[in-house]
Amino acid sequence: MRFFALLKKELCETLPWIVLAAFLLVFCGAIFIGEYTRQRRGFTEPATISPRSFVRMDTFREEMPLRDIGALLLYTSCCLGLVLAVRQFLVPSFLKTWAFTIHRSVSRTTILLGKFAAAIIALILSCGIIWTLFCWYASKPGLFQMPLRQRTFAEGWIFISLGLVVYLGTVLSALSTARWYITRMFGLVFASCIYMLLLLQTGLALCLATIIVSLVILVSQIIHTFLNREF
Amino acid sequence: MNDIVIETRNLTKYFGKTLALDHLNLQVPRGCIYGLLGRNGAGKTTAIKLMLGLLRPTTGTATVLGCDCQNLTPQIRQRIGYVTEGHRLYRWMKIGELAKFQQAFFPGSWDDKLFNDMLDYFELSKKQKIKTLSNGERAQVSLAITLAPNPELLIMDDPTLGLDTAIRRQFLEGMTEHIERQGRTILFSSHILSDVERVAERIAVIDRGVLRADCKLEEFRAAVKKVRFNFAEAVPGQVDIPGLLHSRQNEKELELTLIGTTVEQIDTWAKSAGATYHKDIDMNLEDQFIEFTAPDTNRSLFQWEEIK
């Protein structure tokens, strides 16, 4: 009950950002798909294409709009992760509400878990579900020239996990009491390195392993910092 | 049952190289209203945060309700009500939502009737958003949500700061009503001396991180006094009287602020110094506090208790 009260509070606080991220994905995703469908229709009906039109054949390769949505998903999940961490950990410092949050009949670990759970739910609601819906829509026969590949779907989830890494990296930086230009930046720098690393990777398994290892490192650091931090 | 609710031993806190609290030794007995006094930056908030385990002491220990403050369990925290400095609440919540949120952490002990009664008393509605409330109203909400779970110990950090006189009085009345319930203890910090005078039974004075007084309020009131001496000739250069805090003088008049000095000691010194006349000057708690914590003084409670 106490955990759910904390979770509800965290979700309510971050709700505007969840809605904004979801709206952005749906809106831009719909534009990408609409544009692709329009161009494809034009391409399949040669009569509508002017002789002077320049149409690159390679732009009509399979899953093109999903690639665009994937890129958007990557930026959205990373931005959402950053915003969630700032809202959950930096804003209370400015508003000085930490003491009110911490002094209650739950352990600090429970408070932290409430925040983590809210962030994961936020990422799943605003990015995960919408990505899944786009993939489901894209897998409908006749829409694209080739069927949706599972790899594309998994890549989207890797991007969402990267949002979680950015979230945790920002949390670590926000919780640190060191100066911004020294060790306080560790969390953000670490998350940026993981981001770069993942963009350079090609193997899904390796990406997954990198994400898991980075999550374990960040979570253990955050728990240690949060339990020992002064508020 | 232990009769000491809060006990600190040599509690010391440094922020970097700044000494915020210096070997604080304090005992808060059960069932009393305890006022923690000090100027801005004296270390009151630091002391309270250390007691609640929100800060870590550099050295020393503190126990609250018999539990080490660094390891306060959720069960112990449930028995402690805490009103934060500035009444920092979640601004986006409505009063009703905040109450519901708070209620979840006090299963079984939340008194909804008391909460509603307090809202009625303060003329607040559950539908009001926290961010639309004034400082005073926020303080009232803060008190209501802290008192509704019937805490055994209530700790308040400068609860009346920034409130107007009428609301301060309302707030204090609400607080004292709480203490009337058996076994409840209140520790509150303040630098509004009239509030302290109105409700506190015992006081502790913290000055630049050092505990300078820990006694009953009336003992403090009786101990700090100002006496004016008149001399036929020049004022003596050397003033040697027990409990001297500081002195001011002009040509034939000497004003001494004393702590714990008895009437006999004053009379004896007046005779020996050749004073023609002396009389006590009225001081309220604020005057006494200012004189007691003046920068050039460092006498403490323990000294004047010994003198007494």
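Below, chains carry the letters A, B, ... as their sequence lines are ordered, and counting in each starts from 1.
- Crowding of W98(A) atom CH2: a count of heavy atoms from other residues, nucleotides or ligands under 6.0 Å exceeding 12.
- If you take SG on C12(A) and CD on E97(B), they are separated by 7.0 Å, rounding to the nearest 0.5 Å.
- Contact tally against chain A (heavy-atom pairs below 4.5 Å) for Y82(B), F105(B), W92(B): the top residue is F105(B).
- Q70(B) CD to N228(A) CG: the interatomic distance, rounded to the nearest 0.5 Å, is 9.5 Å.
- No part of I48(B) comes within reach of chain A, as not one of its non-hydrogen atoms sits under 4.5 angstrom from that chain.
- Atoms NE2 and CD1, from H103(A) and I155(B) in turn, are 7.0 Å apart once rounded to the nearest 0.5 Å.
- Counting only N and O atoms by type, the side chains of R104(A) and Q78(B) include no donor and acceptor under 3.5 Å apart.
- In the displayed structure, F4(A) atom CZ is contacted under 6.0 Å by at most 12 heavy atoms of other residues, nucleotides or ligands.
- Within 6.0 Å of CZ in R91(B) there are 12 or fewer heavy atoms belonging to other residues, nucleotides or ligands.
- Here NZ of K49(B) is found 10.5 Å from CD1 of I102(A). Values are rounded to the nearest 0.5 Å.
- Dense packing is recorded around OH of Y121(B), with more than 12 heavy atoms of other residues, nucleotides or ligands lying under 6.0 Å away.
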For this session: Step by step, work out the salt bridge (Lys or Arg N to Asp or Glu O under 4.0 Å) result for E230(A) and K13(B).
Result: CA-CA 12 Å; E230(A) 297 184 326; K13(B) 178 68 184 173; 2.4 Å; yes

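- Looking at L50(B), neither its backbone nor its side chain comes within 4.5 Å of chain A, counting heavy atoms on both sides.
- Atom CZ of F15(B) sits in a crowded spot, with more than 12 heavy atoms from other residues, nucleotides or ligands closer than 6.0 Å.
- Remark: L89(B) CG to T97(A) OG1 distance equals 9.0 Å, nearest 0.5 Å.
- With a 4.5 Å cut-off on non-hydrogen atoms, T110(A) does not touch chain B at all.
- Taken to the nearest 0.5 Å, the CZ atom of R229(A) stands 10.5 Å off from the CG atom of L55(B).
- Of the listed residues (Q102(B), M93(B), Q103(B)), the one with the most heavy-atom contacts under 4.5 Å to chain A is Q102(B).
- Ring centroids of Y90(B) and F100(A) are separated by less than 6.0 Å, placing the two rings close together.
- For chain A, the option among I76(B), T73(B), I80(B), L52(B) with the highest count of heavy-atom pairs below 4.5 Å is I80(B).
- Between chain B and the options K96(A), R108(A), K9(A), heavy-atom pairs under 4.5 Å are most frequent for K9(A).
- With respect to chain A, the highest number of heavy-atom pairs below 4.5 Å among R88(B), H87(B), E85(B), K100(B) belongs to R88(B).
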